[in-house]
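Both ligands and their constituent atoms are indexed starting at 1 by order of listing. All values reported here derive from a predicted model rather than from experimental measurement.
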Amino acid sequence: MIGNSQGRPWRLSLLGLLLLCCSVSCPAEEATPETLPPRTPEIWPQLTSRVQNDEALEQRVQALLAELTLEQKVGQMMQAEIQSVTPADVARYNLGSVLSAGGSYPGLKKDATVADWVALADEFYQASMNPRAGPAIPLLWGIDAVHGHNNVMGATIFPHNIGLGAMQNPDLIELIGRVTAREVAATGIKWVFAPTVAVARDERWGRTYESYSEDPTIVFNYAGRMVEGLQGAPETDRFLGPDRVIATAKHWVGDGGTINGKDQGDNWSTEQGLMIVHGQGYFSAIEAGSQTVMVSFNAWQGEKLHGHEYLIQEVLKNRMGFDGLVVSDWDGIAGDPGAGRPGVTGCTKVRCDQAVNAGIDIFMAPTDWKALHRNVVRGVKNGSIPLARIDDAVTRILRVKLRAGLFEDGAPSKQPLAGRQDLLGHPRHREIARQAVRESLVLLKNQTNLLPLAPDARVLVTGPGADNIAMQAGGWSVSWQGEGNSNSDFPGGSSILDGVRATLASSGGTLVSSVEEQPDVAIVVFGETPYAEFMGDRKDLDFTMDDDAGLQALRELKALNIPTVAVFITGRPLWVEPELAAADAFVVAWLPGSEGNGVADVLFRAANGTVQYDFTGRLTFSWPRNPDQFLLNRHDTDYDPLFPYGYGLSYQGDSGSVPVATPTTAEGESIQ
Ligand code: BGC
């Protein structure tokens with residue numbers, strides 16, 4: 001159980017949130033380094049992980065540690081990217097781990113098979129088991145499986161977190177974690193950099209779609225369940241078993257609360273605000289036994305997290321009792337100052353004693369790991385890094401490796417699920433993703449009850465997103481930015497058009513390809529094109545200014561008296577009032593992933609005329625009334641959204657658990 005006997009002070013109450021409204025979103029004017037209040041570690045919860053301390057395991061850790069030289073210990077702390085390291089390097093440096101970044105595949109083959117992934121995993125593993133000197137310590141491979149095993153062609157791609165939030169279904173979250181773990185295990189990989197437990201507060205942030213909600217309660221409720229799905233229940237022998245993988249709660253801490261929603265920017269929340277809003281996901285993730293936490297690129301009150309001894313060592317490890325390992329983000333110690341994203345003051349990619357001393361255990365140093373290795377060793381030798389800190393780091397790394405059974409399991413190819421190409425995009429997995437798509441859809445408008453559509457209708461499907469799985473999948477999909485993909489990069493997946501086509505074919509309807517064929521209704525699919533991280537930061541929330549293809553299509557169809565259903569593909573709420581006014585029905589599909597057929601499931605009645613699936617998705621982000629409503633969050637004192645948190649229509653006429661006012665456009669016209 002988490003918390004102390006006095007209760008759970010970090011749990012949210014409405015009053016608490018109201019009191020905190022200002023403290024979580026007011027920028028630098030409110031607090032400056034000179035006026036910062038004293039730190040208060042005691043406000044953070046003392047957690048108890050469900051993974052119990054194992055004395056025998058700890059003794060093995062210490063015995064192994066005693067066999068390692070300083071250089072070998074530091075080797076365990078380095079994480080290289082697979083394109084910048086060879087198996088010979090692994091053996092020579094006793095490397096502890098490798099990662100493959102977004103869009104990095106074995107042999108740079110985008111269509112690498114499961115067998116290719118496993119073969120490379122075996123090579124690295126064998127090298128780690130045959131070190132040039134010192135004890136054999138199996139290597140860990142980490143990968144961003146953030147919405148399914150998204151780097152591997154043919155995998156099941158789930159909706160991004162923003163869509164999963166709208167489902168408000170923690171049971172399904174856990175199942176998605178299990179399915180993801182199975183597909184990752186098939187490729188011989190044991191560690192995923194997920195879940196992202198960010199609480200995005202300013203939708204200009206390019207990572208908003210990686211966030212379940214602006215409301216920390218949902219993030220708290222989901223994070224632990226996702227960790228349990230990925231890793232298994234700590235009390236059972238399924239924990240980190242052959243069909244499970246190590247999870248990472250990321251990015252510690254405050255990534256979703258930076259000023260102006262700038263990626264890698266500065267969060268000026270009070271400490272109370274940081275804990276109550278941005279800390280929540282970690283509390284349930286750590287309680288569920290998350291074995292790793294990734295440090296965030298952002299700063300808190302002017303100080304970069306990667307050098308933040310107070311937040312990493314004192315709060316996360318000492319106060320919250322996290323006994324797993326802390327991994328840095330990609331060159332997070334150095335940032336990219338030339339591009340306006342600075343790192344820890346005084347640090348470069350290859351030297352940052354401050355980050356070691358702050359409590360980072362593994363350094364994601366993708367290309368420059370050799371020089372960093374040299375400098376960490378030097379730092380210990382010249383006394384600027386205590387050896388005890390290195391020993392703590394390696395203790396944590398070995399603890400996690402032992403808990404994951406790496407020393408007993410043998411080569412990746414020997415694992416029960418390894419090499420199972422059939423698990424990638426398995427029909428059962430796709431069915432779960434399709435359910436997630438159905439449950440994530442949010443209906444914002446349904447004029448004259450246009451939806452649900454008749455199964456025997458004549459339907460036109462148009463717009464840039466109609467037959468575009470790459471757009472549905474968004475960033476972190478086969479490639480890092482999600483760019484350069486076409487439908488053929490998602491074998492086995494379905495576009496929204498595919499789903500409509502199949503539905504009409506089975507229920508006697510007709511798919512038409514132009515207005516000349518006199519459709520009864522048109523479905524217009526449009527929205528954001530893929531992006532990831534800072535590339536997705538925006539200046540405002542005005543979608544129409546960026547891209548009016550959807551609006552034009554809606555208006556042209558209206559002029560022809562053809563009723564329209566707008567399906568909006570998006571990583572965040574955006575100002576789309578012209579589109580809302582032009583469309584007869586408006587559905588937010590978020591970034592649904594590879595199973596676009598889940599959309600048609602909800603839009604159409606079944607062949608026998610009954611409603612097969614209702615809309616159950618509800619907004620877990622408030623929808624803006626104007627393009628400048630950047631800071632728009634539930635419980636704000638001046639809260640004035642177009643659609644409030646919790647909004648969502650359904651065929652039953654129920655708008656969800658939150659009382660809903662009928663939204664109006666700027667002109668006062670009712671939208672519902
Ligand atoms: C992202 C992380 C990710 C890492 C490795 C970074 O740019 O911030 O979320 O895990 O890359 O791909």
task: May I have the step-by-step check of side chain to side chain contact (heavy atoms under 4.5 Å, CB included) for Asp266 and Thr258, ending in yes or no?
output: CA-CA 5 Å; Asp266 203 345; Thr258 58; 5.8 Å; no
- request: Ignoring hydrogens and angles, state whether a donor on the side chain of Ser104 or Glu81 is under 3.5 Å from an acceptor on the partner side chain.
  value: yes
query: Quick one: do the Gln291 and Trp191 side chains pair a donor with an acceptor below 3.5 Å?
result: no
field: Between Glu271 and Tyr310, a side-chain donor and acceptor under 3.5 Å
entry: yes
- line: of all protein heavy atoms, closest to atom 9 (O) of ligand 1 is His251 NE2, 2.7 Å
field: Any Trp480 heavy atom less than 4.0 Å from ligand 1
entry: no
- prompt: Where on Glu81 is there a heavy atom closer than 4.0 Å to ligand 1, on the side chain, on the backbone, on both, or on neither?
  reply: neither
- prompt: Are His149 and Thr156 close enough that a side-chain donor and a side-chain acceptor fall under 3.5 Å?
  reply: no
message: For atom 10 (O) of ligand 1, what is the closest protein heavy atom, and at what distance to 0.1 Å?
response: Asp144 OD1, 2.5 Å
- request: Using distance alone, with no hydrogens and no angle criterion, decide if Lys401 and Gln76 have a side-chain donor and acceptor under 3.5 Å apart.
  value: yes
task: Give yes if a backbone or side-chain nitrogen or oxygen of Trp476 is under 3.5 Å from a nitrogen or oxygen of ligand 1, and no if not.
output: no
message: Please tell me whether Trp300 and Ser269 have a donor and an acceptor in their side chains that are separated by less than 3.5 angstrom.
response: no
statement: Looking only at protein heavy atoms, what sits closest to atom 7 (O) of ligand 1 is Glu533 OE2, 2.8 Å
- prompt: Heavy atom of Thr196 under 4.0 Å from ligand 1?
  reply: no
- request: Could you list which atoms of ligand 1 come closer than 4.0 Å to a heavy atom of Arg207?
  value: 1 (C), 2 (C), 8 (O), 9 (O)
- prompt: Just which atoms of ligand 1 are under 4.0 Å from any heavy atom in Leu99?
  reply: 5 (C)
- prompt: Short N/O distance, under 3.5 Å, between Asp329 and ligand 1?
  reply: yes
query: Could you give the distance from CH2 (Trp476) to CG (Asn151), rounded to the nearest 0.5 Å?
result: 8.0 Å
- request: For Lys250, counting its heavy atoms only, list the atoms of ligand 1 lying under 4.0 Å from any of them.
  value: 2 (C), 3 (C), 9 (O), 10 (O)
- request: Please verify whether a non-hydrogen atom of Met294 lies at under 4.0 Å from ligand 1.
  value: yes
